[in-house]
Amino acid sequence: MNLFAGRCPGKPEAVFIFLCQKEKPLSQASKQVDRLSQGGLSRILELGFKGKRKESELLVLPSGRWRLAVLLGVGERKGLNGEVFREAVASGLKRISGYKVSRVEVELLDPGESGLSLEEEARAAGEAFWFASYRYSEFKKPDRVFPKEVWILGADKKARDALFLAQVVGEEHCFARELVNKPGSELWPEKFAEEARRSGRRFGFKVKVYDEKALSRMGYNGIVRVGQGSRRPARLVELSYRGASVREGTIGLVGKGVTFDTGGISLKPPQGMETMKDDMTGAAVVLGVMRAAARLDLKLNLAGVIPLVENMPGGAAQRPGDIIRMADGTTVEVISTDAEGRLILADGLYHCRRLKPKQMIDIATLTGACRMALGRFAIGLMGNSEELLSRISQSGALSGERCWILPLWDDYLELLKSDAAELKNGNWGREAGTIVAGIFLKHFVGEVPWAHLDIAGTAWADEAHPYLGRGPTGKGLRLLVRYLEQVEKTR
Ligand code: BES
Ligand code: MN
Ligand code: ZN
C-alpha cells in the first residue's frame, strides 16, 4: 500500500468521504457523488444517515469517476480527534472488502473550528490505512485484499508532510507487528539480531550485537541467567542513530526482547501461553522506532538497547532461589523465573547508562498485573522524572496511545526485600505487581531521567481493536515516534 497526496491520475474505484453530524455535506466530492448517484447521497441523509461516529454507508455509482462512494460519519465537529478518523478509515475499508478496489481517493474534511488540524487529520487518516490493512500472512492467505494506492484530496503543504510521517509510521508499525506475530519457531534472539542488522544496513544506523560469551564476560548475568534455559543463546543488540551533533545528547530506548516466555522453571499455565510470543513487543517497537527515526531523518541522537532471550525451562535453566550478581553488581534472588523481564531489562538499562544518555525510556510487556489495573486501554507509565512523564503522556494522547501514571515511591521497595540477596525479583502477594516491577527497574537506572512503559495489557488484542483487529497492536511505536518529534521541535 502507498499513500499519495493529490488526485489519482488513474481510475480510482472508490472515494471515501467524511461527514459531520448535524451538517449539510457541501464538500466537492460529496456534491459530485450526489450528482453521480442522481441524488442518492441526499436520499440516504433523508433516510436517516446522520454522520454519527462509527456510522458508514456504501453507494454504488452508475457512472463517473468512481464506482463506489463510502460515506463515513465522524460525529460532531467539536468532538473530532485523530482516533475518530482512524476508526472511520477502518470502517471504510471494511465496507469495500470483497470488492475489487485497488485505488481509493479520500477527501479530507476541513476540520474548521474543531480542535483538530488538517495536518493531524491527514496523518490519522493516512496511517489508519496501514494499521487496518495489515495481515500476518506468512502461513495463511489473508482474508481479503486491500487497496494498493490511497490518494488524499485536499491536503495543503503541512498535510502533505504529515502524510509522509503517516507512511513511515504506518510501515514501521506493520514491521513491528510482523515481528511480534512470528511464533517462537520463527524468531529467536539471533534471528532478531539479524533482523536488526539488516535494518541498520538498510536505513543507515549502527548495529552492534553482543553474543552470550560477550555478555558473560561483561557480567550481564541478568540476561545470561534468563537465557541459559534455552538452546537459543541470548543476545544484546545495541543500535545507534546519529542525526545531530554530539552536544545534543542521546536518548536511550530499551526494549524487552523475550522472544518466547514460557515462564521458565516457574512454568506458566498452558492456557493462553501461545500469546507469549508477543513478549518481545518492546524490542520490536524500539527497532521500529529507530527505523522510523532514520527514515524521517530526525535531528537527534538515539541509542537503542535490546536484550534478547528465550525464557525456557531446561536442564541448564536457572532455578527459583538462585541468586544473580547483576551487571551493576547488585545481587538478586530469583523468586520466580517468570519475572524474567525485569532481570534482562535491569542489565539492558545498565548497558544503556554506560552509553551516557540524557534520558532513557524502556518499553516492556512486563506485568500481567498491568492489565488488571488498567485494562487494554492504557499503557502503564512510571519513572523518576515528572517532566519526562508528562511529556510522554502528552505524546501518548496525541498519538492515540494513552498512558496512565503510577507511583514509584520508595515505600514499595519493602516488597522486594530478600533475606539472601540485596533484592528479590518479585513477591508472591498480589500487591501492586506493576509498580513492584517498576521499582525494581528504578534501582538500576541511577540518576538518569527515566520513564518505563508497561505494555503488558495493551500489546496484544484478544478482542478486535477498532482499527488494529486481533493480535499485536505495536503499542508504543506511535507514542515514541511522536515523543521524538516533540523533542526535535522543542530543541
Ligand atoms: N511476560 C510476562 C508478563 C505478561 C503477562 C505479559 C500477561 C502479557 C500478558 C512477564 O514476564 C511475567 O510473566 N510477569 C509475571 C511477574 C510475576 C511472576 C511477578 C506476571 O505478570 O505474572
Ligand atoms: Mn514471564
Ligand atoms: Zn515476560
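Counting convention: from 1, in listed order, for ligands and their atoms alike.
When side chains are defined from C-beta on, Phe203 does not count as touching Tyr241, because their heavy atoms never get closer than 4.5 Å. For the pair Thr262/Met276, no side-chain contact is recorded, criterion being any heavy-atom separation below 4.5 Å from C-beta on. For the pair His173/Leu468, a side-chain contact is recorded, criterion being any heavy-atom separation below 4.5 Å from C-beta on. Looking at heavy atoms from C-beta onward, Ser230 lies out of side-chain contact with Thr259 at the 4.5 angstrom threshold.
Considering each of Met276, Met372, Arg371, the one bringing a non-hydrogen atom nearest atom 7 (C) of ligand 1 is Met276. The residue among Ala459, Ser266, Gly341, Gly368 with a heavy atom at the shortest distance from atom 20 (C) of ligand 1 is Gly368.
From the protein, the heavy atom lying nearest to atom 15 (C) of ligand 1 is Asp338 O, 4.0 Å. Protein heavy atom closest to atom 2 (C) of ligand 1, with residue, atom name and distance, is Asp261 OD2, 3.6 Å. Scanning the protein heavy atoms around atom 6 (C) of ligand 1, the nearest turns out to be Ala456 CB, 3.6 Å.
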Verdict with reasoning, Glu488 to Arg491, per salt bridge (charged side-chain N to carboxylate O under 4.0 Å, His left out)
CA-CA 5 Å; Glu488 195 193 28; Arg491 204 157 63 105; 5.8 Å; no
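A donor-acceptor contact shorter than 3.5 Å is absent between the side chain of Lys206 and the backbone of Ser240. Between the side chain of Lys268 and the backbone N or O of Ser266, no donor-acceptor pair lies under 3.5 Å.
Distances from ligand 1 to the non-hydrogen atoms of Arg342 include at least one value under 4.0 Å.
When you scan the N, O or S atoms of Asp261 for the one nearest the Mn ion (ligand 2), you land on OD2. When the Zn ion (ligand 3) is compared with the N/O/S atoms of Glu340, atom OE2 turns out nearest. Within Asp279, the N/O/S atom positioned nearest the Zn ion (ligand 3) carries the name OD2. Per residue Asp261, closest N, O or S atom to the Zn ion (ligand 3): atom name OD2.
Those atoms of ligand 1 with a heavy atom of Lys256 less than 4.0 angstrom away are 1 (N), 10 (C), 11 (O).
A donor and an acceptor atom, one from each side chain of Glu431 and Tyr412, are nowhere located under 3.5 Å apart. Side-chain contact annotation: Thr330 with His443, donor-acceptor N/O pair under 3.5 Å present.
For atom 11 (O) of ligand 1, a protein non-hydrogen atom is found at a distance below 4.0 Å.
The shortest N or O to N or O distance between Glu340 and ligand 1 is under 3.5 Å. Residue contacts with ligand 1: Asp279 is placed with a nitrogen or oxygen under 3.5 Å of a nitrogen or oxygen of the ligand (distance criterion only). For the pair Asp278 and ligand 1, the shortest N or O to N or O distance does not fall below 3.5 Å.
A cation-pi arrangement is absent between Arg86 and Phe131, since the terminal nitrogen or guanidinium carbon is not both under 6.0 Å from the aromatic centre and inside a 45° cone about the axis.
Rounding to the nearest 0.5 angstrom, the gap separating the CG atom in Leu355 from the CG atom in Asn301 is 12.0 Å. The structure places NZ of Lys424 at 13.5 Å from OG1 of Thr331, a figure rounded to the nearest 0.5 Å. Here the CZ atom belonging to Arg342 is positioned 7.5 Å from the OG1 atom belonging to Thr367, to the nearest 0.5 angstrom.
Seen from the Mn ion (ligand 2), atom OD1 of Asp338 and atom OE1 of Glu340 lie 120° apart in angle, a value rounded to 10°.
Within the 4.0 Å heavy-atom criterion, neither part of Lys424 lies near ligand 1. At a heavy-atom cutoff of 4.0 Å, ligand 1 is contacted by the side chain of Ser336 but not by its backbone. Counting heavy atoms closer than 4.0 Å to ligand 1, residue Met280 contributes nothing at all. If you look at Leu366 next to ligand 1, the close heavy atoms, those under 4.0 Å, all belong to the backbone.
Distances from the Zn ion (ligand 3) show that Leu366 has no N/O/S atom below 2.8 Å.
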